[in-house]
Amino acid sequence: MPPRHPDVTVLPPEEILVTSKRVACDGGGVLGHPLVYLDMGEDDFVECGYCDRRFVLAADPHAESEYLDPAARPPEAH
């Protein structure tokens with residue numbers, strides 16, 4: 001069956017660059033969804049089953065237990 005509205009463009013899912021293989025997603029905004037925690041496992045990305053957001057691992061990921069306070073690093077590292 002052909003699409004009902006061929007002139008409507010469907011945008012691709014939102015991609016979010018992250019520095020950890022474990023992420024949380026709530027859909028964002030007022031009309032979000034329940035908070036879910038996602039783990040990439042062996043892959044470099046994971047997609048939310050509720051909102052289809054795609055979380056992509058950055059080229060320089062941080063260790064899972066690394067403390068990411070900006071004040072804990074020297075100024076030249078910012």
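Note: hydrogens, waters and symmetry copies are ignored here, and every other heavy atom, side chains too, is used.
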(message) Run the side chain to side chain donor-acceptor pair (under 3.5 Å) test against Glu14 and tell me which residues pass, sequence neighbours left out.
(response)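 Testing Glu14 for side chain to side chain donor-acceptor pair (under 3.5 Å), a comparison that skips the adjacent residues, returns Arg53.
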(message) Measuring only between side-chain heavy atoms, which start at C-beta, is Val23 closer than 4.5 Å to Val46?
(response)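 Contact flag for Val23/Val46 side chains = yes.
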(message) Could you check whether any side-chain N or O of Lys21 sits under 3.5 Å from a backbone N or O of Asp43, counting only pairs where one atom can act as donor and the other as acceptor?
(response)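 Side chain of Lys21 to backbone of Asp43, a donor-acceptor pair under 3.5 Å: yes, one is there.
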(message) Rounded to the nearest 0.5 Å, what separates atom CZ in Arg54 from atom CD in Glu47?
(response)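 Nearest 0.5 Å value for the CZ-CD distance: 5.0 Å.
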(request) Enter the distance from Cys25:SG to Tyr50:OH here, rounded to the nearest 0.5 Å. (result)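 It comes to 10.5 Å.
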Contacts table for residues 27-39: side-chain donor-acceptor under 3.5 angstrom, sequence neighbours left out:
from: His33; atom 1: NE2; to: Gly27; atom 2: N; distance (Å): 3.1
from: Asp39; atom 1: OD1; to: Gly41; atom 2: N; distance (Å): 2.8

(message) Tell me whether Leu57 shares a hydrophobic cluster with Phe45, the cluster being built from Ile, Leu, Val, Met, Phe, Trp, Tyr side chains joined at under 4.5 Å.
(response)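 Different hydrophobic clusters.
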